[in-house]
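Just so you know, ligand 1 is whichever comes first in the structure, and atom 1 is the first atom listed for that ligand.
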Amino acid sequence: MLLQELLGISEDVYFVEESYLAQRTIERTLDYLNGVRRFAEAGKVRLLRVHEDEHTLGLLLFNSADEEVPVDFWSVFTGALAGASSKNDFEILVDPLLTFNPPEREVEVSSEIWRDAVNEYYSLMLVNRNLCPGCAVKPESYGSIFSENRVRRVAEIFDILQKKGIFPEGRLLEVCCGNGMSTLALYRLGLNPLAVEINKCTVCQGLEQGVLNPQRTVVMDATALSRYFEPGSFDGVMGFMLGLVYEFNKSFWVNIMKETVSVASEGALMLFTVSSRPEAEILAEALLRAGVKGEIVDNTDSEGTYDQWFFVGRKQKA
Ligand SMILES: C[S@@+](CC[C@H](N)C(=O)[O-])C[C@H]1O[C@@H](n2cnc3c(N)ncnc32)[C@H](O)[C@@H]1O
């Protein structure tokens, strides 16, 4: 696990927050840290500090094996993924605690790598069924789930884009990634998007098959992107085979389009594929209204199923 590698520890680790999404508000983290302060002031606890420059990204607290938990483990507290005010509260609580009770070791990492380590932890919790007690879903074979034709179909879109002088760069987000079939095409092109998907069983399948990168995959509702990412967080946002997008349900997809634009930087590449022209038109109109200029591209083939139409454009200056 990346987190254990970064810290050079072999014991188990457990984040205080039960989900990636809870890392945004860190209510439990702040509550527990208040409790830890009493022991820390007496200099009684073993701590590790993770930091980027002067900012504390994370704090690990050692727990010795006891009757209740028969193995040693570290509890992990982090404010790095939290909103600005919770992040500030985290540092206000942690910094004096570290003064009374200096950590036995400090590790400097970038906030990007720390975020990857946090993502990976929750991905492993998911795929090891720790987040879904009683899960009865049996793993399927790779061949019964993933289709090389589909992966190639996504890759071909990038050939078309390259001919137009377009290639995604920088910080990339893929929404509605499913089990990672489209993500696989991106990985093969050397891209490493943060992939988000609402259905945890689908994500679990992609992780289980070794397709989705556990450090770069998050179970998340794409209608709430702006709750978890700051404006301008991504230089490219993509989504493949969105839909079905109809008149009666279009407000849902329009909302996802608005959310993708809100977390995209100025000039960000926006790319979305669907199976029909009317669907592409609904997305294009929503994107245009949200400040994205681009075009609908006819990508129809004889099979007529996947990625038949796509919208490609760039977010304009506000
Ligand atoms: C047709 S699948 C496409 C999956 C993948 N992009 C591909 O091309 O193979 C659409 C995916 O969108 C996901 N989805 C639907 N609503 C979503 C939401 N609000 N947030 C994130 N993902 C969502 C579905 O669960 C489904 O996995």
Any idea which atoms of ligand 1 are less than 4.0 Å away from a heavy-atom of Gly178? 4 (C), 27 (O)
Which of the atoms in ligand 1, numbered in the order shown and given with their element, are less than 4.0 Å from a heavy-atom of Ser182? 5 (C), 6 (N), 7 (C), 8 (O)
Within the 4.0 Å heavy-atom shell around Ala222, which atoms of ligand 1 are there? 18 (C), 19 (N), 20 (N), 21 (C)
For Met181, the ligand 1 atoms whose distance to one of its heavy atoms is below 4.0 Å: 9 (O)
Is there a side chain to side chain donor-acceptor pair (under 3.5 Å) between Glu91 and Thr56? Walk through the geometry before answering. CA-CA 7 Å; Glu91 293 201 19; Thr56 301; 5.6 Å; no
Check whether any heavy atom of Val196 sits under 4.0 Å from an atom of ligand 1. no
In terms of atom number and element, which parts of ligand 1 are under 4.0 angstrom from non-hydrogen atoms of Met241? 1 (C), 2 (S), 3 (C), 8 (O), 10 (C)
Atom indices of ligand 1 within 4.0 angstrom of Phe252 heavy atoms, with elements: 16 (N), 19 (N)
What protein heavy atom lies closest to atom 12 (O) of ligand 1? Include the residue and the distance to one decimal. Cys176 CB, 3.1 Å
In ligand 1, the atoms that come under 4.0 Å of a heavy atom of Asp221 are 18 (C), 19 (N), 20 (N)
Identify the protein heavy atom lying closest to atom 3 (C) of ligand 1, giving its residue, its atom name and the separation to 0.1 Å. Phe240 O, 3.5 Å
Show the atoms of ligand 1 that are less than 4.0 angstrom away from any heavy atom in Met220. 20 (N), 21 (C)
Between the side chains of Asn149 and Ser147, is a donor N or O closer than 3.5 angstrom to an acceptor N or O? no
A side-chain contact here means heavy atoms from C-beta on lying under 4.5 Å apart; do Cys204 and Val127 qualify? yes
Counting heavy atoms only, which part of Arg150 comes closer than 4.0 Å to ligand 1: side chain, backbone, both or neither? side chain
Looking at Asn299 and Asp307, would you say the former's side chain and the latter's main chain have a donor-acceptor pair under 3.5 Å? yes
Does Arg46 reach the main-chain N or O of Glu104 with its side chain, forming a donor-acceptor pair under 3.5 Å? no
Do any N/O atoms on Glu197 end up under 3.5 angstrom from N/O atoms on ligand 1? yes
So, is the end of the Arg153 side chain (NZ or CZ) under 6.0 Å from the ring centre of Tyr306 and within 45° of the ring's axis? no
Got a second to check how far Leu3's CG is from Asp116's CG, nearest 0.5 Å? 11.5 Å
Within the 6.0 Å centroid threshold, strictly below: Tyr20 and Tyr228: no
Is there a polar contact, in the sense of an N or O pair closer than 3.5 Å, between Ile198 and ligand 1? yes
Any idea which part of Tyr306 is under 4.0 Å from ligand 1, heavy-atom wise: side chain, backbone, both or neither? neither
Candidate pair Glu295 and Lys164, rule salt bridge (Lys or Arg N to Asp or Glu O under 4.0 Å), full reasoning: CA-CA 12 Å; Glu295 59 174 323; Lys164 294 174 181 280; 3.0 Å; yes
On the 0 to 90° scale, with breaks at 30° and 60°, tag the Phe234-Phe229 ring pair as parallel, tilted or perpendicular. perpendicular
